[in-house]
Amino acid sequence: MSAVELPGIERDAVTRWLAERGVPAPVEFSLVSGGRSNLTYRVTGADGVVRALRRPPTGGVLSTAHDMSREWRFISALHGTGVPVPEPLAYCEDTEVTGAAFYVMDFVDGTVLADRSSAAPMALPARHRAGMATVECMAALHNLDPDAVGLGDAARRDGYLQRQLRRWQKQVHASGAPDLGLLDQVHDALVANAPEQTTGIVHGDFRPGNLSYGPDGEVLAVLDWELATLGEPLADLGWLIATWEEPGDDLPAVTPGPTAEDGFPTRDDLIARYADLTRRDLSDLPFYVAFQRWRSCCITAGVRARYQAGHMGDDGYDAGARADTEQRQAHLAWQAVTDLGLA
């Protein structure tokens, strides 16, 4: 990609900003990931050191999403705790530099288990370790005292689920997505039966696709903190379980991943390890799995609507396939609340 074509980066301005913070010019930039979430760039200074830069997408941004200051605050607070995050280097709130706030952190060069083929280089013992390390890392996050790490005022502590239900319901309707009747029914059933909340640090999208792993399966870093907040930790575990595919599953996972391949632990293994490490009451976990299936439907419906409105460009997004998946997930969410006796 030529210098003038890299989206989201004003090369000269960002290079000057980096130089003022110890990154020597010339600087090379390349896009690592982006499209529907925050954009991540590989930044290589003249000293050969590789860093990562994160900024929001360049269009179609929903309100409350893609808050760089939120990501920066959480990784800054968690660095040096038992939760591995990239070392934060610098934050820029001046949108004149490159069109949006952004921050720079260490580049963690590991394996991200983002799709069904991503675990192919891993040996079977490393795959098992990756699964167990994932839930152990989650437990370490949930065992932290928000006040002790300086995050006690990062968000409201109460009403987490109610706020989540209200937020995603509002956003999916604002997106212009059609055929939301079933999602509205599930929403109403979840609102009416919300369990009492405990409070901890919640990542918001904790799954293998947002973690970086070493060759032995250990977690090197937890990435993508754009949804982080204070709230009910079981929402994170519910999302992990809803995304964790096993061989022979009748119900599809809410997002693709490699965990149905040989070597990975089962969902029951993850739940048992989490319970052992946190001593939390997991009796409401099925509710949070149902909630996360519903939330996944809201996200995919909104993404599809933004794609069809032309906000996302041609990034290989298959609107037809995602619409089919979205409808199946909506029915699964309804089935889940029905099985729980909530509808």
Salt-bridge criterion met for Glu246 and Arg267 (N-O under 4.0 Å): yes
Linked hydrophobic residues, Leu220 as query - side chain contacts closer than 4.5 Å: Val108
What residues, two or more places apart in sequence or in another chain, satisfy salt bridge (Lys or Arg N to Asp or Glu O under 4.0 Å) together with Arg73? Asp153
Without hydrogens or angle criteria, can the side chains of Asp269 and His128 be said to hold a donor-acceptor pair below 3.5 Å? no
Pairing donors with acceptors under 3.5 angstrom, does anything connect the side chains of Thr15 and Asp12? no
Would the distance check show the side chain of Arg21 and the main-chain N or O of Trp17 forming a donor-acceptor pair, the cut-off being under 3.5 Å? yes
Residue set satisfying salt bridge (Lys or Arg N to Asp or Glu O under 4.0 Å) with Arg16, at least two apart, ordered chain then number -> none
Between Asp109 and Val50, does a side-chain contact (heavy atoms from CB on, under 4.5 Å) hold up when you go through it step by step? CA-CA 9 Å; Asp109 194 7; Val50 180; over 6 Å; no
Test of ring centre spacing under 6.0 Å for His203 and Phe74: no
For the pair Glu218 and Tyr213, evaluate side-chain hydrogen bond (donor to acceptor under 3.5 Å, both in side chains) and give the outcome as yes or no after the intermediate values. CA-CA 5 Å; Glu218 294 295 341; Tyr213 299 88; over 6 Å; no
In Å and rounded to the nearest 0.5 Å, what is the SG to NE2 distance from Cys297 to His187? 13.5 Å
Got a sec, which residues hit side chain to side chain donor-acceptor pair (under 3.5 Å) with His79, two or more places apart in sequence or on another chain? none
side-chain contact (heavy atoms from CB on, under 4.5 Å) partner of Arg207, chosen from Thr259, Ile241, Thr255, Asp224: Thr255
Might you point out which heavy atoms bring Ile75 and Val85 nearest each other, and give the distance in Å? O-CG2, 3.6 Å
I'd like to know if Arg116 pairs up with Glu261 as an ion pair, taking the criterion as any Lys NZ or Arg NE/NH1/NH2 lying under 4.0 Å from an Asp or Glu carboxylate oxygen. no
So, are Asp284 and Arg280 salt-bridged, with charged N and O less than 4.0 Å apart? no
With a 4.5 Å limit on heavy-atom distance, are the side chains of Asp115 and Pro258 in contact? no
Once the angle between the rings of Tyr91 and Trp72 is folded into 0 to 90°, is it parallel (under 30°), tilted (30 to 60°) or perpendicular (over 60°)? parallel
Inter- and intrachain pairs under salt bridge (Lys or Arg N to Asp or Glu O under 4.0 Å), touching residues 83-95, at least two apart: none
In terms of side-chain geometry, is the basic nitrogen of Glu232 or Arg157 positioned less than 4.0 Å from the acidic oxygen of its partner? no
Among residues at least two apart in sequence or on other chains, which ones pass salt bridge (Lys or Arg N to Asp or Glu O under 4.0 Å) with Arg279? Asp276
